[in-house]
Amino acid sequence: MANVAVIGAQWGDEGKGKVVDWLASRADVVVRFQGGHNAGHTLVVGNQTYKLSLLPSGLVRGKLGVIGNGVVVDPDALLSEIARVRAQGLIVTPETLRIADNAVLILPLHPALDKAREEARGERKIGTTGRGIGPAYEDKVARRAIRVADLAEPETLSAKLDELLLHYNTLLKGLGKEPFSKNILLEGLLKLAPQILPFAEPVWERLDELRRAGKRILFEGAQAVMLDVDHGTYPFVTSSNTVAATAASGSGVGPSAVGFVLGIAKAYTTRVGSGPFPTELHDDIGRLLGERGHEFGTVTGRPRRCGWFDAAMVRQAVKIGGVHGLALTKLDVLDGLTELKICTGYQINGTFFRHLPAGQAAQAAAVPEYEVMEGWSGSSRGARSWADLPAQAVKYVRRIEELVEAPVTLVSTSPERDDTIMVRDPFEG
Ligand code: IMP
């Protein structure tokens with residue numbers, strides 16, 4: 001399989017950055033296909049640390065980056081990110097970055113409504129990143145969104161703003177917030193247009209050409225399967241489809257172009273934001289995982305909730321996401337724990353489930369059933385082969401493979417790029 005899609009198999013923050021960076025160095029083009037600047041990837045290359053939210057990771061490796069039509073693009077955030085990485089020495093030009101002309105734009109009114117709604121939800125808030133992601137996707141399906149290509153058409157912009165403002169100002173006023181002025185928004189967009197339009201094109205055509213020329217494409221997913229708007233823990237999810245199938249529709253290639261699907265999972269579980277989390281730990285072990293794993297959100301800085309590995313959930317993500325192989329990250333964080341637990345299913349109101357059912361109340365009531373394993377006293381940190389791992393750590397990985405019904409094709413044992421056990425190269429299929 002020439003191409004690879006990388007997706008998160010839990011609730012995000014699985015350590016995709018390191019894996020994507022390694023794969024990007026072996027790809028010709030890296031494509032983002034969903035989400036927006038709610039994602040956060042930290043890439044350490046040499047003595048530079050790059051924090052990317054919207055830009056495809058391949059840019060760090062000098063590879064062509066493509067932002068597909070499935071992404072919601074905040075032009076202000078994009079331009080500031082470009083300025084930030086340029087200051088760090090990266091070359092970002094219309095030769096190295098292409099943006100789908102049919103991608104939806106995030107305007108200042110989107111984060112305003114996102115935050116106002118979260119405030120109004122109070123205790124029942126979703127815990128969004130406040131970046132306007134949800135409202136922008138709502139506009140897309142409601143057929144009122146402003147898209148990249150509209151920046152070249154002032155009259156279209158003006159008419160679409162009228163429609164948008166009718167909707168947004170009504171809602172914002174109802175929530176006790178300041179309405180937006182059309183003139184300010186229009187002027188802002190017209191000023192941004194000459195900076196964004198040089199990057200815009202029908203990316204599907206370029207991807208088709210690259211494919212036919214036998215180039216390797218890496219599809220870089222954001223968020224994760226359990227945050228998928230259809231398959232995740234709805235309504236505590238993001239507003240896009242995060243599964244690998246979206247790599248096709250979100251960039252304009254056919255489903256067969258997606259290739260090998262690599263799911264990324266941490267050796268334990270974390271989540272930011274609200275919503276069900278059956279294996280969450282509120283004790284010293286949970287705190288230890290958070291401290292050792294440096295579990296703070298890249299985008300919002302919020303501490304992540306931590307818990308045991310949930311094999312029932314990852315199995316579900318494997319099936320739904322079409323995962324061919326799993327990359328297991330942060331195994332070293334479990335070093336020294338005397339006992340480890342793996343969730344194999346849930347008791348919900350007296351019935352055993354091997355998956356998380358769709359009902360909101362059922363998800364909230366899920367009590368995990370655990371299999372208990374002995375931990376290891378040695379160190380797995382920095383291991384680069386199975387022989388470097390404590391025997392019990394190998395058993396832990398093997399048990400996870402059995403339970404999630406997918407092979408572990410890569411194990412990451414430290415943030416360093418080379419501290420990786422590579423079982424199978426995803427580009428080789
Ligand atoms: P939104 O995507 O900002 O609408 O947030 C919806 C939910 O997805 C919240 O629980 C966020 O914390 C979560 N979320 C969004 N992006 C990420 C990510 O990149 N990693 C982890 N969680 C995320």
Side-chain angles (χ1 to χ4, degrees), residues 6-20 32-43 51-57 70-74 77 81 104 106 109-121 123-141 220-243 246 250 263-266 268-277 280 290 293-307 310 313 317 329-330 360 363-364:
V6 173
I7 59 168
Q10 293 161 321
W11 279 297
D13 310 312
E14 294 92 352
K16 286 193 277 296
K18 170 179 155 175
V19 178
V20 163
R32 277 282 310 267
F33 55 89
Q34 48 73 226
H37 65 313
N38 50 347
H41 289 166
T42 305
L43 304 175
K51 288 195 183 290
L52 302 182
S53 277
L54 196 50
L55 291 173
S57 300
V71 176
V72 282
V73 181
D74 182 324
E81 193 171 320
V104 163
I106 297 185
L109 39 74
H110 293 120
L113 183 66
D114 192 355
K115 288 177 201 153
R117 276 199 308 224
E118 282 285 89
E119 211 179 291
R121 282 184 189 116
E123 287 289 288
R124 290 182 301 112
K125 71 170 194 260
I126 289 165
T128 72
T129 59
R131 302 270 162 117
I133 306 295
Y137 278 114
E138 286 167 34
D139 286 349
K140 173 172 164 166
V141 293
E220 178 182 5
Q223 292 85 47
V225 175
M226 282 313 184
L227 288 171
D228 182 284
V229 67
D230 283 293
H231 300 290
T233 44
Y234 192 91
F236 302 100
V237 292
T238 192
S239 295
S240 60
N241 284 111
T242 57
V243 291
T246 317
I264 319 273
K266 260 180 217 174
Y268 49 100
T269 313
T270 64
R271 171 162 209 175
V272 281
S274 327
F277 181 172
E280 183 171 11
H294 307 291
E295 299 295 356
F296 294 92
T298 320
V299 169
T300 57
R302 292 178 287 182
R304 297 178 185 140
R305 300 153 68 192
C306 298
D310 188 340
M313 186 182 87
T329 62
K330 294 193 156 185
Q360 198 179 328
Q363 290 183 355

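Ligands are counted one by one from 1 in listed order, and the atoms in each one are counted from 1 as well.
Counting the atoms of ligand 1 from 1 in the order shown, those under 4.0 Å from a heavy atom of Val272 are 10 (O), 12 (O), 21 (C), 22 (N). Near Trp11, the atoms of ligand 1 lying under 4.0 angstrom from a non-hydrogen atom of the residue are 21 (C), 22 (N). The ligand atoms of ligand 1 that sit less than 4.0 angstrom from a heavy atom of Ile126 are 10 (O).
For atom 7 (C) of ligand 1, the closest non-hydrogen atom of the protein is Val237 O, 3.7 Å. Given atom 8 (O) of ligand 1, the protein heavy atom at minimum distance is Leu227 CD2, 3.7 Å. Here the heavy atom of the protein found nearest to atom 11 (C) of ligand 1 is Gly127 O, 3.5 Å. The single protein non-hydrogen atom nearest to atom 15 (C) of ligand 1 is Gln223 CG, 3.7 Å, given as residue, atom name and distance. In terms of protein heavy-atom proximity, atom 2 (O) of ligand 1 is closest to Thr238 OG1, 2.6 Å. Protein heavy atom at the shortest distance from atom 21 (C) of ligand 1 is Asp13 OD2, 3.1 Å. In this structure, the protein non-hydrogen atom closest to atom 12 (O) of ligand 1 is Arg302 NH2, 2.9 Å. Among protein heavy atoms, the minimum distance from atom 5 (O) of ligand 1 is reached at Thr128 CA, 3.3 Å.
Summarising the geometry of Val237 relative to Val229, their closest heavy-atom pair is CG2-CA, 4.0 Å, with the distance given to 0.1 Å. Between Glu81 and Leu55 the shortest heavy-atom distance is OE2-N, 3.0 Å. Here the shortest heavy-atom pairing between Val71 and Gly36 reads CG1-CA, 4.3 Å. Closest approach of Gly130 and Pro111 over heavy atoms only: O-CB, 3.5 Å. Nearest heavy atom pair, residue Lys125 against residue Ser274, reads O-OG, 2.7 Å.
Neither the backbone nor the side chain of Phe236 has any atom closer than 4.0 Å to an atom of ligand 1 (non-hydrogen atoms only).
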**Item:** Worked verdict on Ile7 versus Thr242 for side-chain contact (heavy atoms from CB on, under 4.5 Å)
**Value:** CA-CA 7 Å; Ile7 59 168; Thr242 57; over 6 Å; no
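When only modelled atom types and interatomic distance are considered, Asp74 and His110 share no side-chain donor-acceptor pair under 3.5 Å. Side chains of Arg271 and Thr233: a donor-acceptor N/O pair is present below 3.5 angstrom, by distance only.
Backbone and side-chain nitrogen or oxygen atoms of Ser274 are examined, and none is located within less than 3.5 angstrom of a nitrogen or oxygen of ligand 1. The shortest N/O to N/O separation between Arg271 and ligand 1 does not fall below 3.5 Å. For ligand 1, the polar-atom distance check finds an N/O of Thr129 within less than 3.5 Å of one of the ligand's N/O atoms.
Residues passing the salt bridge (Lys or Arg N to Asp or Glu O under 4.0 Å) test with Glu118, sequence neighbours excluded: Arg121. With sequence neighbours excluded, the residues forming a salt bridge (Lys or Arg N to Asp or Glu O under 4.0 Å) with Arg304 are Asp13, Glu295, listed by chain and number.
In this structure, Ser239 has no heavy atom closer than 4.0 Å to ligand 1. Assignment of Ala39 to the shell around ligand 1 is supported, since a heavy atom sits closer than 4.0 Å.
Among Asn241, Val72, Asp228, Thr246, the single residue meeting the side-chain contact (heavy atoms from CB on, under 4.5 Å) criterion with Gln34 is Thr246.
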